[in-house]
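Here's the structure we're looking at; comments come further down.
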Amino acid sequence: MASNSPRPGLFANIKADMQAAFLEFMGTTTFLTLAFGSVQAVAGQSDMSSVNDVVAKDLYIAFAFGFSLLVAAWLFYRVTGGLFNPNISLALLLTGVIGPVRFVLYCIAQLVGGIAAAALVLALTPGPLQSNTFLQRGVNPAQGVFIEAFITAVLVMAVLMLAAEKHIATPFAPVGIGLTLFACHLFAVYYTGAGMNTARSFGPAVVTGFPYGTQWVYWVGPGLGALFAAAFYSVLKHVRYWKLNPEQDTIDKRASPPDPIASVAARSRSRTSAGSANEPSRLDSIREKPNGEMNGDTTRRVNDSPV
């Protein structure tokens with residue numbers, strides 16, 4: 001008999017959703033303040049130095065964002081999930097991890113957190129804010145959109161496979177996600193500034209008055225990346241990806257491959273034993289008489305030469 005109990009409404013968990021959104025604001029502000037502060041520091045050092053090493057600067061920024069996310073996510077992932085990114089929130093909504101109310105509240109919290117982080121860094125450090133994302137000379141908007149879509153999709157897949165999917169390494173998901181952000185920066189920080197997070201690009205743009213006309217790239221590109229990652233993850237779940245390579249994350253050593261050398265030796269002994277079972281052993285069939293003659297008509301001794 002069907003139950004007549006009413007379904008919980010959209011706002012049934014509104015108190016918990018609002019609490020989580022406030023803490024998501026705190027986490028986003030923490031992450032981006034660390035990251036924007038690092039960008040400000042390397043920009044200030046470059047201005048004071050006669051040597052302007054672009055590669056070292058980009059590597060510094062990649063490390064700054066990757067490790068800032070690692071630290072902030074590890075602090076907050078048990079509280080809110082440690083998303084800090086509206087595009088990740090969108091992917092989690094599409095895959096059913098969070099509901100629509102929490103999604104909207106998270107997006108607001110993350111965008112406001114980006115603004116708060118940019119304002120804090122501008123207030124606490126000298127000089128103009130250096131954290132705006134823009135397209136490098138020679139990169140057209142279409143290229144920028146697809147670069148942002150690609151790196152965002154990689155980041156979102158890292159979140160879905162390492163954090164949303166529960167497995168033995170889930171407590172260490174912030175490490176893998178932080179390293180993913182680091183790797184994506186190594187590719188894209190020169191070309192687009194490696195936004196892959198609308199809140200990360202929106203915050204500095206608001207504080208500095210939208211100095212670049214390509215802000216839309218950092219909404220469209222990451223949005224497309226989140227859609228693609230959510231679709232790809234859904235396909236993986238539908239085909240039950242864990243059956244393609246079972247027990248990959250088990251800690252049961254009995255699931256490990258056998259010793260290859262022992263396996264080869266065992267197969268060799270098995271073939272030898274099978275051959276011996278089909279032919280009687282010559283030594284078992286030979287019985288030497290006391291005077292050195294063998295049973296039967298021949299008088300050759302066991303060790304005699306045939307000559």
Check the surroundings of atom [atom1] in [X]: do more than 12 heavy atoms from other residues, nucleotides or ligands lie under 6.0 Å from it?
{"X": "L244", "atom1": "CG", "value": "yes"}
{"X": "Y241", "atom1": "OH", "value": "yes"}
{"X": "K166", "atom1": "NZ", "value": "yes"}

List the residues meeting salt bridge (charged side-chain N to carboxylate O under 4.0 Å, His left out) with D17, not counting sequence neighbours, and say none if there are none.
R102
Residues in salt bridge (charged side-chain N to carboxylate O under 4.0 Å, His left out) with R254, at least two apart?
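Scan of R254 (salt bridge (charged side-chain N to carboxylate O under 4.0 Å, His left out), adjacent residues dropped) gives D252.
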So do [Y] and [X] actually touch side chain to side chain, heavy atoms under 4.5 Å?
{"X": "L122", "Y": "F36", "value": "no"}
{"X": "Q248", "Y": "W242", "value": "no"}
{"X": "L10", "Y": "P100", "value": "yes"}
{"X": "L129", "Y": "Q40", "value": "yes"}
{"X": "M196", "Y": "L181", "value": "yes"}
{"X": "N197", "Y": "L155", "value": "no"}
{"X": "F187", "Y": "F150", "value": "yes"}

Could you tell me which non-hydrogen atom of G223 sits nearest to which non-hydrogen atom of L90, and how far apart they are?
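That would be O-CD2, 4.3 Å.
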If you compare all heavy atoms of A194 against all heavy atoms of C184, which two are closest, and at what distance to 0.1 Å?
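That closest heavy-atom pairing would be CB-O, 4.5 Å.
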Evaluate the ring planes of [X] and [Y], with Trp represented by its six-membered ring, and classify them as parallel (under 30°), tilted (30 to 60°) or perpendicular (over 60°).
{"X": "F134", "Y": "Y212", "answer": "parallel"}
{"X": "F63", "Y": "F182", "answer": "tilted"}
{"X": "F232", "Y": "F228", "answer": "parallel"}

Following the transitive rule for hydrophobic clusters with a side-chain heavy-atom cut-off under 4.5 Å over Ile, Leu, Val, Met, Phe, Trp and Tyr, establish whether V79 and Y106 coincide in one cluster.
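Yes; tracing contacts between hydrophobic side chains, which count when under 4.5 Å, links both residues.
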Examine F202 and F25 and state if one hydrophobic cluster contains both, with Ile, Leu, Val, Met, Phe, Trp and Tyr joined whenever side-chain heavy atoms are less than 4.5 Å apart.
yes
Run through T214, T133, T192 and flag the one making a side-chain hydrogen bond (donor to acceptor under 3.5 Å, both in side chains) with S201.
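That would be T133; it is the only one of T214, T133, T192 passing the side-chain hydrogen bond (donor to acceptor under 3.5 Å, both in side chains) with S201.
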Go through it in stages, so that I can follow the logic: the residues are L32 and F84, the test is side-chain contact (heavy atoms from CB on, under 4.5 Å), and I'd like the CA-CA distance, side-chain angles, deciding distance and then a yes or no.
CA-CA 9 Å; L32 290 178; F84 315 146; over 6 Å; no
